[in-house]
Number of protein chains: 2
Amino acid sequence: MRKNIRIKDIALKAGVSIGTVDRVLHKRGEVSTKTKTRIQQIIDELDYRPNLLASSLASKKSIVFATLMPRSSSLDTYWSKPQNGVEKAMGQLRAYGVKLQQYFFDMDDSRSFSSQGEKLLLDAPDAVLLAPWAKREALRLTKQLDEREIPYIYIDANLEETNPIGFVAQSPFDSGFLAAKLIDWGVKERSLILLIHVAKELDNASHLIKRERGFMRYFEEMKSHHRIVKLEVSGKEDEINSHLNKLGIDPCDVSGVFVTNSKVHLAAACFKALCITPKIIGYDLIPQNIALLKDGKIDFLICQKPELQGYRAIHLLFDSLVKKEIIKRENYTSIDLITKENIDFYNSI
Amino acid sequence: MRKNIRIKDIALKAGVSIGTVDRVLHKRGEVSTKTKTRIQQIIDELDYRPNLLASSLASKKSIVFATLMPRSSSLDTYWSKPQNGVEKAMGQLRAYGVKLQQYFFDMDDSRSFSSQGEKLLLDAPDAVLLAPWAKREALRLTKQLDEREIPYIYIDANLEETNPIGFVAQSPFDSGFLAAKLIDWGVKERSLILLIHVAKELDNASHLIKRERGFMRYFEEMKSHHRIVKLEVSGKEDEINSHLNKLGIDPCDVSGVFVTNSKVHLAAACFKALCITPKIIGYDLIPQNIALLKDGKIDFLICQKPELQGYRAIHLLFDSLVKKEIIKRENYTSIDLITKENIDFYNSI
DNA sequence: AAATTTTCCGTGTTCGTACACGAATTGAAA
DNA sequence: TTTCAATTCGTGTACGAACACGGAAAATTT
């Protein structure tokens with residue numbers, strides 16, 4: 001059993017009081033350069049690590065994290081998941097004096113992102129976790145955060161032009177690539193494959209585009225001879241059918257379907273209604289998808305681990321701000337394949 | 001910001017000293033029944049939760065966990081993984097005064113399991129994490145642990161007839177079932193599929209049998225028309241080839257291969273040498289398998305999350321012993337599908 | 001040389017809990 | 001009544017780090 005090094009031990013070894021060591025550790029108050037370097041040397045030598053327990057017990061000041069995420073309405077159960085992860089992490093960190101301040105915006109209203117962002121800024125948190133939804137508004141907010149030197153971290157996606165201390169997300173390109181491999185593995189040669197985007201504004205959802213790129217790239221690399229047809233729908237009833245009709249495609253000829261987001265249940269329901277069972281792949285373990293997966297109408301769901309994203313992002317903020325560790329900028333979550341057979345064992349965190 | 005309830009607050013409200021409250025909380029020392037019930041009532045009413053930080057800071061006595069796992073030799077890199085998970089968990093819990101005592105046994109020598117078990121018992125740890133490898137010896141050890149009232153938890157597998165406080169493992173049946181689904185998804189109808197056990201003593205590896213059962217069950221349920229051939233080999237060079245020869249099977253006719261453990265690289269190497277590429281599925285992210293996966297010679301690896309098993313088991317012990325929480329007995333890890341395309345994003349914990 | 005400022009650093013208290021110690025009270029046996 | 005043990009309860013201090021306070025020494029000004 002190796003004993004932990006305490007401030008006291010350092011003080012003893014340096015022949016000074018613990019107060020002086022404390023000043024060196026926290027760059028607070030005046031210490032002569034001579035003693036400072038001597039103490040610093042001993043700190044390095046002994047590889048001193050502060051006892052987080054004692055530290056947070058003693059310090060009365062608490063650190064505040066803020067989150068800015070989409071409000072999880074009953075319509076969208078996805079965003080309740082990162083929320084759960086955040087709460088789980090906070091449950092562990094509350095004891096260390098970390099507080100949480102949450103702000104929610106309306107996904108259909110980019111102004112609400114801004115207004116909630118304003119509120120957040122007024123409360124001056126020590127760090128921010130945010131889902132960069134509306135790009136323009138997010139850019140404005142992060143600029144303000146940069147000015148105030150408030151560190152921030154993303155979940156769900158990265159925003160290239162900004163300076164977060166990190167992001168936690170799945171690689172959209174590679175998830176699309178994997179989806180293609182699975183489709184390819186499951187269909188015969190020279191099949192008809194659909195790629196479906198279900199989104200209101202495709203240009204505001206750059207990760208859908210990246211997933212598409214990954215998907216297409218696979219077939220390019222494999223020089224496969226499938227016929228791939230791209231559909232863009234907004235999510236209304238029977239839209240897929242009418243689109244196929246317009247293109248002169250008989251749904252019965254479709255062997256594989258890839259939906260680039262969680263709306264895959266729309267496509268699955270459509271084919272279910274027609275009593276056709278192409279191979280269908282989509283994203284996210286939301287209830288509608290899970291039901292269709294268990295029913296055998298969806299073959300694979302790619303899980304983004306949203307709970308884990310929230311959980312890990314909070315922990316990264318903690319590691320960075322409290323533990324003063326250097327954290328990785330890129331934190332990719334795994335690309336998990338969920339099927340009827342393994343979903344019951346799936347641990348979201 | 002709601003303030004946390006402290007012992008002091010309870011003492012104040014009850015009109016006693018904190019010492020008395022402490023005695024009620026820990027059932028230590030004598031307190032008159034009258035004050036005891038009054039204090040207990042206030043504790044319940046205020047929903048007091050002890051501050052784990054302060055608690056473990058103040059208490060000097062440390063709790064000792066012991067582990068008994070296979071020694072991870074250079075030949076077997078698998079068992080270094082749970083080991084890593086254990087170490088990671090301990091890194092977090094050391095601050096709470098938890099100590100670790102490790103014992104390793106030789107996988108080829110069941111007597112070493114017993115002898116290390118003896119040593120473990122002598123050191124009288126507060127709780128034990130063990131991999132129930134040699135069944136008979138494990139039964140003996142757990143009986144002794146039961147007598148001494150030392151709680152224990154399993155990783156890797158469960159041992160039905162014993163009384164662990166829990167186990168962390170993958171469901172072997174369901175992983176086999178999933179493997180079958182994948183094979184079925186990837187091969188044509190009426191294909192020839194191999195099921196290969198690579199093991200020295202199959203009867204000591206009951207989970208391989210369970211994986212086989214899951215695999216076979218899928219095809220029974222699907223009423224599929226594949227021809228499934230079972231092979232049992234011990235792991236020597238060219239054994240698979242000669243077995244196929246004996247059975248009069250041309251390797252070129254094989255469309256799918258399922259190996260029930262991490263020795264899948266032997267099968268993959270065999271077919272690679274023959275320049276045939278059936279669909280191959282096996283278990284575990286050990287280096288040989290990873291290399292063949294990336295090379296495209298193995299299609300899927302089922303990951304048991306060995307790191308997570310070690311990590312979670314330690315945390316479960318902590319939750320049970322220190323936090324006094326009631327933990328789940330059955331802790332199944334997810335059945336993760338790893339392919340060439342997603343392995344680089346795979347987080348083992 | 002005296003007065004003042006600046007630099008430097010030790011002491012003491014605090015956080016919430018655990019526990020040793022000692023003191024007071026009670027009850028029963030001798 | 002004395003003796004002794006058992007019961008009941010408060011105090012003090014330890015744990016490791018944070019930080020306020022203020023004293024001593026050195027540097028600077030008057």
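Computed over heavy atoms, backbone and side chain alike; hydrogens, waters and symmetry mates excluded.
Note: B/Phe167 and B/Tyr332 meet the aromatic proximity criterion, with ring centroids under 6.0 Å apart. Aromatic ring centres of B/Phe113 and B/Phe105 lie closer together than 6.0 Å.
Within 4.0 Å of B/Asp22, counting heavy atoms only, lies at least one base atom of the nucleic acid.
Close to D/dC19, at under 4.0 Å from its OP1 or OP2, lies no side-chain N or O of A/His26. Look at A/Ser55 and you'll find a side-chain N or O under 4.0 angstrom from OP1 or OP2 of D/dA18. Taking only side-chain nitrogens and oxygens, B/Tyr48 comes nearer than 4.0 Å to OP1 or OP2 of C/dT17. The side chain of A/Ser32 places no N or O atom within less than 4.0 Å of a non-bridging phosphate oxygen (OP1 or OP2) of C/dC8. For D/dA17, the OP1/OP2 oxygens have no side-chain nitrogen or oxygen of A/Ser56 closer than 4.0 Å. A/Thr20 has no side-chain polar atom (N or O) that falls below the 4.0 Å cut-off from OP1 or OP2 of C/dC9.
Within a 6.0 Å sphere centred on CD of A/Gln144, heavy atoms belonging to other residues, nucleotides or ligands number more than 12. The local environment of CZ in B/Arg329 is crowded, with over 12 non-hydrogen atoms from other residues, nucleotides or ligands closer than 6.0 Å.
One interatomic measurement links the two molecules: CG of A/Leu52 to C1' of C/dC15, which rounds to 15 Å at whole-angstrom precision. Taking atom NZ of B/Lys8 as the reference point, atom C1' of D/dG12 lies 14 Å away to the nearest angstrom. In this structure, A/Lys27 places its NZ atom 18 Å from C1' of C/dC9, rounding to the nearest Å. Taking atom OH on A/Tyr96 and atom P on C/dG16, their separation rounds to 16 Å, with Å as the unit. In this structure, A/Ile18 places its CD1 atom 15 Å from P of D/dA20, rounding to the nearest Å. In this entry the distance linking CG of A/Asp9 with P of D/dC15 reads 11 Å, nearest Å. The nearest whole Å value for the distance from the NZ atom in A/Lys323 to the C1' atom in D/dA17 is 17 Å. In this structure, B/Leu57 atom CG and D/dA17 atom C1' are separated by 9 Å, rounded to whole Å.
Between B/Gly19 and A/Leu53, the residue anchored nearer the 5' end of DNA chain D, judged by the nucleotide with its closest heavy atom, is B/Gly19.
Considering only side-chain atoms of B/Thr35, the nucleotide from C/dT17, D/dC9, D/dG16 that sits closest is D/dC9. Set against D/dG10, D/dA17, C/dG16, the side chain of B/Ala58 has C/dG16 as its closest nucleotide. For A/Glu30, taking side-chain heavy atoms from C-beta onward, the closest of the listed nucleotides C/dC8, D/dC15, C/dT11 is C/dC8. Comparing D/dA17, D/dC21, C/dG16 against the side chain of A/Arg23 picks out D/dC21 as the nearest.
To the nearest 0.5 angstrom, A/Trp133 atom CH2 is 13.0 Å from A/Met69 atom CE.
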